[in-house]
Amino acid sequence: MPELPEVETIVRQLRPRLVGRRLLRVEVRWARSIARPSVRKFCDGLAGRRIDALRRRGKFFVLDLDDGCALVGHLRMTGRLVVGRRPDEAFARVVFELDRGERLVFSDVRKFGRLALVARLDEATGDIGPEPLELQGDWLHAALAARRRRLKPLLLDQSFLAGLGNIYVDESLHRAGLHPLRSSERVTRRQADTLARAIRETLTNAIAAEGSSFDTFYRTPEGRPGAFQDEFAVYGRGGRPCRSCGATIRRLVVGQRGTHVCPKCQPAPRGVRP
DNA sequence: CAAGACTCCTGACGGC
DNA sequence: TGCCGTCAGGAGTCTT
């Protein structure tokens with residue numbers, strides 16, 4: 001579920017509540033939520049540590065600890081982080097006891113989310129691409145030309161660009177007027193500039209709206225839903241009129257992912273029947 | 001190297 | 001009301 005704007009919102013809201021606090025004890029209720037090291041070493045390694053910083057890298061959140069290690073997590077589809085004295089969390093998978101009688105809870109209905117305790121960030125994230133908020137057209141153009149892939153799966157590939165998911169790829173491609181099946185190597189320099197700007201603007205607007213919520217799952221740590229779902233141009237709007245041109249938004253499947261496209265704003269590449 | 005199938009999980013929703 | 005199929009904001013692995 002959470003993509004870059006949702007993780008950024010969570011990090012911003014939790015930062016003042018977590019930085020400087022101590023982790024007293026860790027309880028793991030679903031062992032596979034811990035990616036590494038072992039559950040035992042995870043709990044032992046965190047007990048007594050102070051949180052020095054909270055930040056984001058792609059869709060990962062990172063708690064830097066006072067011993068130089070980091071608690072790194074990925075929320076995948078349904079993960080959440082909540083802080084409170086008695087957080088109401090029916091699906092708690094990992095519970096961290098903090099000082100001052102509070103708890104940090106990692107809850108996750110579908111159990112896809114993962115936490116890791118690592119000495120170096122890339123042990124948890126692997127080799128991931130650059131941050132999309134700093135994306136520049138010249139780099140993007142060269143990177144697209146170096147691959148021969150359809151735009152949508154490439155933009156979803158975290159080793160190419162770190163942070164975009166299904167919603168924001170569809171929204172960014174619509175904003176840039178590019179079809180998700182367009183071949184990456186055929187994107188012109190000018191189109192790459194437009195796409196880079198569309199990605200930055202889409203994400204910036206989504207962060208300003210505190211992300212997107214359209215079911216019971218994503219809530220900011222303050223408990224509020226995001227508001228960006230009200231600004232969706234195409235995502236989840238199949239069969240409805242495009243807000244820019246009035247054409248009917250189409251839903252197709254690309255790389256096993258639901259994909260939303262305006263046939264007029266995003267002309268299909270050669271050989272693709274719209 | 002690229003792309004598709006399948007897997008990990010649970011809950012919500014539509015149809016019958 | 002109940003059962004069943006389908007779908008979901010992610011990503012790793014294996015096969016073609």
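Below, chains carry the letters A, B, ... as their sequence lines are ordered, and counting in each starts from 1.
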Nearest whole angstrom, please: distance from the [atom2] of [N] to the [atom1] of [X].
| X | N | atom1 | atom2 | value |
| --- | --- | --- | --- | --- |
| A:R32 | B:dC8 | CZ | P | 9 Å |
| A:L156 | C:dA11 | CG | C1' | 10 Å |
| A:W30 | B:dT10 | CH2 | P | 6 Å |
| A:L203 | C:dG9 | CG | P | 17 Å |
| A:M77 | C:dA8 | CE | C1' | 5 Å |

[options]: which one has an atom nearest the side-chain heavy atoms of [X]?
| X | options | result |
| --- | --- | --- |
| A:V109 | B:dG11, B:dA2, C:dG9 | B:dG11 |
| A:R110 | C:dG10, C:dA8, B:dA3 | C:dA8 |
| A:R149 | B:dA3, B:dC8, C:dG9 | B:dA3 |

Do A:K152 and A:T259 have side-chain atoms, one donor and one acceptor, less than 3.5 Å apart?
->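 There is such a pair (donor and acceptor under 3.5 Å, judged by atom type) between the side chains of A:K152 and A:T259.
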Looking only at atom P, what distance separates B:dC9 and C:dT13, rounded to whole Å?
->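 One P to the other, the span is 15 Å.
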Determine the Euclidean distance between corresponding P atoms of C:dA11 and B:dG11; express it in Å to zero decimal places.
->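 To the nearest whole Å, 22 Å.
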At under 4.0 Å, does any side-chain N or O of [X] touch on OP1 or OP2 of [N]?
| X | N | value |
| --- | --- | --- |
| A:K59 | C:dA11 | yes |
| A:Q158 | C:dG10 | no |
| A:R76 | C:dA8 | no |
| A:K111 | B:dC8 | no |
| A:R80 | C:dG9 | no |
| A:R251 | C:dC7 | no |
| A:Y235 | C:dG9 | yes |
| A:R114 | C:dG12 | no |

Kindly state whether the pair A:F112 / C:dG10 counts as stacked, where counting means centroids closer than 5.5 Å and planes tilted less than 30° apart.
->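 So A:F112 counts as stacking on the base.
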Answer whether the closest heavy-atom distance between the side chains of A:S244 and A:C262 falls below 4.5 Å.
->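 No, their side chains stay 4.5 Å or more apart.
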Could you tell me whether the side chain of A:E171 reaches within less than 4.5 Å of the side chain of A:H260, counting heavy atoms only?
->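 With C-beta onward as the side chain, the pair stays apart.
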Just how far is it from atom CZ of A:R190 to atom OG1 of A:T194, taken to the nearest 0.5 Å?
->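 Taking CZ in A:R190 and OG1 in A:T194, the distance rounds to 6.0 Å.
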B:dT7 - base-pair partner by Watson-Crick or wobble geometry, distances under 3.5 Å |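 The base-pairing partner of B:dT7, which may sit in any strand shown, is C:dA11.
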Mind telling me whether A:F160 and A:W139 have parallel, tilted or perpendicular rings, with 30° and 60° as the class edges?
->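 It falls in the tilted class, 30° to 60°.
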Which residue, A:H74 or A:Q256, contacts DNA chain C at a nucleotide closer to its 5' end, judged by nearest heavy atom?
->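 Per heavy-atom nearest nucleotide, the more 5' residue is A:Q256.
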Which part of the nucleic acid, if any, lies within contact of A:R93, taking any heavy atom under 4.0 Å across all strands shown: a base, the sugar-phosphate backbone alone, or nothing?
->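 No contact at all - A:R93 keeps every heavy atom at 4.0 Å or more from the nucleic acid.
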How would you label the contact of A:F214 with the nucleic acid (heavy atoms, under 4.0 Å): base, sugar-phosphate, or nothing?
->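 Result for A:F214 = base.
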Output, in order, the C-alpha distance, side-chain angles, deciding distance and verdict of salt bridge (Lys or Arg N to Asp or Glu O under 4.0 Å) for A:E201 and A:R175.
-> CA-CA 9 Å; A:E201 290 173 352; A:R175 192 178 185 97; 3.0 Å; yes
